[in-house]
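This report concerns only the one structure given below.
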There are 2 protein chains.
Amino acid sequence: MKRKSLEGNACPVARSLDVIGDCWSLLIVRSAITGTRRFTQFQTELGIAKNILTIRLKALVAHNILVPAAASDGSAYKEYVLTRKGKDLFPVLVALRQWGEVHLFEGSAPGLRLVEKKTGHLVPLTRIRSSEGRALRPEDTQLMKIK
Amino acid sequence: MKRKSLEGNACPVARSLDVIGDCWSLLIVRSAITGTRRFTQFQTELGIAKNILTIRLKALVAHNILVPAAASDGSAYKEYVLTRKGKDLFPVLVALRQWGEVHLFEGSAPGLRLVEKKTGHLVPLTRIRSSEGRALRPEDTQLMKIK
DNA sequence: CCGTATCCATTCCGATACTG
DNA sequence: CAGTATCGGAATGGATACGG
């Protein structure tokens with residue numbers, strides 16, 4: 001039977017996962033955020049098969065996360081650049097990165113760290129914080145019905 | 001051919017996606033964060049098939065994101081409670097929720113909003129901010145090699 | 001260099017029926 | 001209530017060959 005679409009789901013989390021909930025989409029966005037723009041660049045960086053990459057890129061373009069553009073160096077090929085919607089996925093990637101660094105590296109440290117350009121902080125990672133500056137935790141929030 | 005495992009990948013984002021990069025895992029964690037603990041509760045809330053739920057719960061337990069515990073009400077059944085590792089996925093869910101609310105609801109507003117318990121802020125959503133209090137954006141950061 | 005087209009294996013997911 | 005067992009369909013992903 002057909003896989004259930006979460007597109008019309010009331011939960012924003014479900015809808016998001018419906019769009020970028022597969023293995024490759026977020027990794028492609030991550031590469032794009034760090035400057036990758038060309039097909040082969042994505043392909044070699046991620047080690048993804050070309051046909052899969054084609055499909056994923058098309059889906060991301062269809063969802064308006066990437067936009068095809070003329071090559072900046074004058075060559076005849078396309079480039080893929082992030083839209084605002086695509087850039088807005090950045091916090092998701094930061095959150096995933098943090099979680100992975102804290103919980104998925106037993107002993108072996110990751111080779112890259114994300115630092116704030118402005119401050120250049122040497123802290124392991126820019127931390128996601130609530131408006132008070134404390135780390136955001138489940139206990140800080142509650143789910144309220146609005147009307 | 002076998003799906004490529006990202007388990008040993010150097011990128012924390014890739015490793016995270018390898019663990020919780022499927023459709024259901026994060027939705028189960030989201031339910032768990034809002035208080036769901038029982039098998040059938042998960043099943044009816046999410047509309048997931050029981051066999052799939054079984055598989056996903058087992059995987060989450062294997063990854064130490066959930067832990068089986070004796071039922072709190074004295075009944076003979078198990079409950080699934082979040083570990084610290086599981087709770088730490090909260091920022092990921094908040095980020096996904098925010099992105100979904102901003103970009104995936106054309107006209108139709110979501111029925112729930114997340115507010116800070118302490119302040120009870122009526123703002124649309126607790127926003128993810130960098131340490132300066134501004135919304136975190138790609139331009140605020142850079143990737144640095146450490147050694 | 002940038003894809004597209006096939007082919008194939010694996011995995012995922014849903015429905016249903018069944019057990020204690 | 002909490003699963004397990006089985007089935008089939010669909011989607012995913014990889015390898016490779018091919019064309020602009």
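Because the structure is predicted, anything quoted here is derived from the model rather than measured. Order of the sequence lines fixes the chain letters, A, B, ..., with proteins taken first and strands second; residue numbering starts at 1 for each chain.
Closest to the side chain of B:Ile52, from the set D:dA2, C:dC13, C:dC1, is C:dC13. In the set C:dT4, C:dG14, D:dA15, C:dT4 carries the atom at the smallest distance from any side-chain atom of A:Thr54.
As rounded to whole Å, 15 Å separates atom P of C:dC12 from atom CG of B:Leu53. Remark: C1' of D:dA11 and CG of A:Leu17 are 17 Å apart, rounded to the nearest angstrom. Going from atom CD of A:Gln43 over to atom P of D:dT16 covers 13 Å, rounded to whole Å. To the nearest angstrom, C1' of C:dC1 lies 13 Å from CD of A:Glu79. Following rounding to the nearest Å, B:Ile48 (CD1) and D:dG3 (P) show an atom-to-atom distance of 13 Å. With rounding to whole Å, B:Arg56 atom CZ is found 8 Å from C:dC12 atom C1'. The interatomic distance linking B:Lys78 (NZ) with D:dT4 (C1') rounds to 13 Å, in whole Å. When rounded to the nearest whole Å, the span between CD1 of B:Ile55 and P of D:dA5 equals 11 Å.
Remark: side-chain polar atoms of A:Thr40 are not paired, donor with acceptor, to backbone N or O of A:Gln43 under 3.5 angstrom. Under a 3.5 Å cut-off, the side chain of A:Trp99 and the backbone N or O of A:Leu104 do not form any donor-acceptor pair.
Taking SG from A:Cys11 and CD from B:Glu101, the interatomic distance works out to 9.0 Å, rounded to the nearest 0.5 Å.
Note on B:Tyr80: only backbone sugar-phosphate atoms sit closer than 4.0 angstrom, heavy atoms only; bases stay farther off.
Residues A:Lys50 and A:Cys23 each lie close to DNA chain D; by heavy-atom proximity, the contact nearer the 5' end of the strand is made by A:Cys23.
Within the structure, a side-chain polar atom (N or O) of A:Lys58 is placed less than 4.0 Å from OP1 or OP2 of C:dT4. Phosphate proximity of C:dC2 to A:Arg38: present, with a side-chain N or O under 4.0 Å from OP1 or OP2.
Across all their heavy atoms, B:Arg38 and B:Glu79 have their closest contact at NH1-OE2, 3.2 Å. The shortest heavy-atom contact between B:Leu46 and B:Ile28 is CD1-CG1, 3.7 Å. Minimum interatomic distance between B:Phe42 and B:Ala32 (heavy atoms only, all atoms of both residues): CE2-N, 3.9 Å. Taking every heavy atom of both residues into account, A:Leu96 and B:Ser16 meet most closely at O-OG, 2.9 Å. Taking all atoms of both residues into account, the shortest heavy-atom contact from B:Arg97 to A:Pro12 is O-CB, 3.6 Å.
For the segment residues 24-32 of chain A, no residue has any heavy atom less than 4.0 angstrom from an atom of DNA chain C.
Looking at B:Asn51, its side chain comes within 3.5 Å of the base of C:dG14 through a donor and an acceptor atom.
Secondary-structure annotation of DNA chain C gives the stems C:3-20 with D:1-18, with a stem taken as at least 3 successive Watson-Crick or G-U pairs whose two distances both fall under 3.5 Å.
Geometrically, A:Arg15 engages B:Phe105 in a cation-pi contact, judged by NZ or CZ lying under 6.0 Å from the ring centre and within 45° of the ring axis.
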With a cut-off of 3.5 Å and sequence neighbours excluded, list every side-chain donor-acceptor pair involving residues 51-67 of chain A.
residue, atom, partner, partner atom, Å
A:Thr54, OG1, A:Lys50, O, 2.9
A:Arg56, NE, A:Asp22, OD2, 3.4

